Amino acid sequence: MSISGIRKVFEAAGEDAINLGLGQPDFPTPAHARRGAIEAIESGRADAYTSNKGTQQLREAIAAKYDRDYGLEIDPNDVIATAGGSEALHITLQAHVDPGEEVIFPDPGFVSYDALTRIADGTPKPVPLREDLTLDPATVEEAITDETAAFVVNSPANPTGAVQSKADMREFARIADEHDVLCISDEVYEHIVFDGEHHSPLKFAETDNVVAISACSKTYSMTGWRLGWVVASNRRIERMLRVHQYGQACASAPAQYAAEAALTGPQEPVQEMVETFEQRRDLVLDGLTDAGLEVPTPEGAFYAMPKVPEGWCDEVLERGVVVVPGDAFGANGAGYARLSYATGTEELKEALEIIDDATRAVR
Ligand SMILES: Cc1ncc(COP(=O)(O)O)c(C=O)c1O
């Protein structure tokens with residue numbers, strides 16, 4: 001395994017560069033979430049280990065969230081609070097993939113799917129996306145073999161900003177049921193959707209072959225708090241708990257209290273953030289199109305993934321804008337770049353002008 005391609009770009013960037021490489025919202029964590037942690041710390045409630053799965057109140061808040069958002073009934077005992085979505089992905093793969101078994105995931109896709117599959121001694125099976133950068137359920141179904149342990153669905157997606165349709169999600173659930181393979185649904189951007197809404201395959205599966213992963217990281221701008229979770233059937237949770245128990249013991253207690261407050265408190269800060277992201281999405285889309293680049297309309301998260309000419313990423317980087325070359329997200333990402341618009345609007349406008357000039361220079 002090598003160090004992520006994203007890190008390499010950051011290291012190459014100058015100090016004054018405009019950074020469109022970041023994977024975290026540029027908003028503060030909501031005040032009520034911070035207060036949740038502060039009060040827990042000051043009262044001494046955050047001093048000790050919590051239960052391995054996380055506090056009962058946090059798991060109830062997570063279960064209530066699934067009811068509120070999707071009408072899904074989740075037993076708080078079937079939730080593990082983790083150190084971010086990252087640990088949730090790790091324990092899911094570690095507990096479900098035997099050495100040599102295959103894990104299918106989108107290419108381009110989030111960098112951890114390949115790396116965590118290798119850490120679990122599994123075999124990565126990256127599959128290409130449709131022209132609109134969504135994952136075709138038929139592509140996943142064709143890639144399934146006797147050795148397949150799991151496939152990953154990520155919607156809204158990093159690095160593409162693509163959102164899977166309800167029909168696709170229904171198909172992913174059917175595939176997991178019929179082929180008896182695990183569908184790992186990475187939903188960390190579930191609330192950052194501009195057109196339509198997020199649908200979880202959890203809602204459609206008839207067996208317990210869907211595991212859902214989410215986190216406070218993106219929704220509440222809490223990447224530094226390290227708080228995510230995994231939701232699955234009890235037998236799967238108990239299996240994943242063995243990895244979590246020995247690797248982590250429990251998620252950080254102050255972060256658990258902050259997450260509980262974030263989930264149970266007012267949700268307006270999320271709406272405000274999503275509205276801002278949507279305005280910036282439109283700005284970026286117009287800017288890239290005006291520069292003559294082809295870019296599928298991202299319907300969620302805070303990324304855009306245009307097709308770019310040879311030498312484009314270097315030219316843009318040399319002119320002081322950090323973008324991530326698409327091949328950092330898999331071989332099929334070559335010829336694309338990922339731009340994050342989790343950056344102030346004025347900086348974005350400046351970056352788009354530079355991108356316009358750079359694009360003319362390499363054409
Ligand atoms: C698709 C996807 N899944 C999971 C994660 C991990 O999130 P966390 O910061 O909660 O560990 C990220 C972070 O960038 C992501 O983009």
Side-chain angles (χ1 to χ4, degrees), residues 23 25 27 30 61-74 79 85 88 106 109-110 129-130 132-137 140 151-176 183-206 210-222 228-232 259 262-285 295-305 340-342:
F27 291 82
I62 293 169
K65 174 216 121 45
Y66 282 90
D67 186 22
R68 177 171 77 216
D69 293 341
Y70 311 117
L72 276 167
E73 210 175 301
I74 304 289
V79 176
F110 178 50
L129 303 176
R130 294 175 175 131
D132 67 358
L133 302 181
T134 58
L135 178 63
D136 189 343
V140 170
F151 65 91
V152 180
V153 176
N154 172 218
S155 178
N158 176 9
T160 62
V163 173
Q164 299 291 147
S165 68
K166 186 175 181 182
D168 282 350
M169 290 304 208
R170 206 184 275 281
E171 269 297 276
F172 288 127
R174 177 196 63 76
I175 292 167
C183 169
I184 301 171
S185 185
D186 179 346
E187 307 180 1
V188 299
Y189 297 97
E190 63 186 310
H191 291 288
I192 310 176
V193 179
F194 315 127
D195 312 304
E197 53 191 331
H198 171 70
H199 299 277
S200 174
L202 255 191
K203 178 122 190 163
F204 305 117
E206 286 170 11
V210 176
V211 171
I213 284 164
S214 197
C216 287
S217 306
K218 316 288 176 172
T219 304
Y220 300 107
S221 192
M222 288 176 65
W229 58 84
V230 56
V231 171
L263 287 159
T264 55
Q267 301 298 302
E268 283 77 12
V270 182
Q271 280 164 23
E272 284 163 21
M273 185 176 75
V274 173
E275 277 164 22
T276 306
F277 281 149
E278 184 170 2
Q279 287 161 7
R280 291 187 197 160
R281 187 271 312 255
D282 293 342
L283 185 74
V284 167
L285 209 55
V295 53
T297 302
E299 293 178 346
F302 38 76
Y303 308 108
M305 206 173 199
S340 157
Y341 44 89

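One-based numbering along the sequence shown. Computed from a predicted model, the values in this text were never measured in an experiment.
- With sequence neighbours excluded, the residues that form a side chain to side chain donor-acceptor pair (under 3.5 Å) with Gln267 are Tyr220.
- Formation of a donor-acceptor pair under 3.5 Å by the Asn158 side chain with backbone atoms of Thr160 is not found in this model.
- Checking side-chain atoms of Arg281 against main-chain N and O of Pro298 turns up a donor-acceptor pair under 3.5 Å.
- Atom CZ of Phe110 is separated from atom CG of Asn154 by 8.5 Å, given to the nearest 0.5 angstrom.
- Taking every heavy atom of both residues into account, Val140 and Phe172 meet most closely at CG2-CE2, 3.9 Å.
- Side-chain N or O atoms of Lys203 include one that pairs as donor or acceptor with a backbone N or O of Tyr70 at under 3.5 Å.
- For Lys218 (side chain) and Gly23 (main-chain N/O), a donor-acceptor pair under 3.5 Å exists by modelled atom type.
- Evaluation of the side-chain contact (heavy atoms from CB on, under 4.5 Å) rule for Glu187 yields Ser185, Glu190, His198, Ser200, Pro201, Ala212 as partners, not counting sequence neighbours.
- Taking the six-membered ring for Trp and thresholds of 30 and 60 degrees, Tyr341 and Phe277 have ring planes more than 60 degrees apart, a perpendicular arrangement.
- Taking every heavy atom of both residues into account, Val295 and Leu285 meet most closely at CG1-CD1, 3.8 Å.
- How far NZ of Lys65 is from OG1 of Thr219: 7.0 Å, rounded to the nearest 0.5 Å.
- The distance between the ring centers of Tyr189 and Tyr303 falls below 6.0 angstrom.
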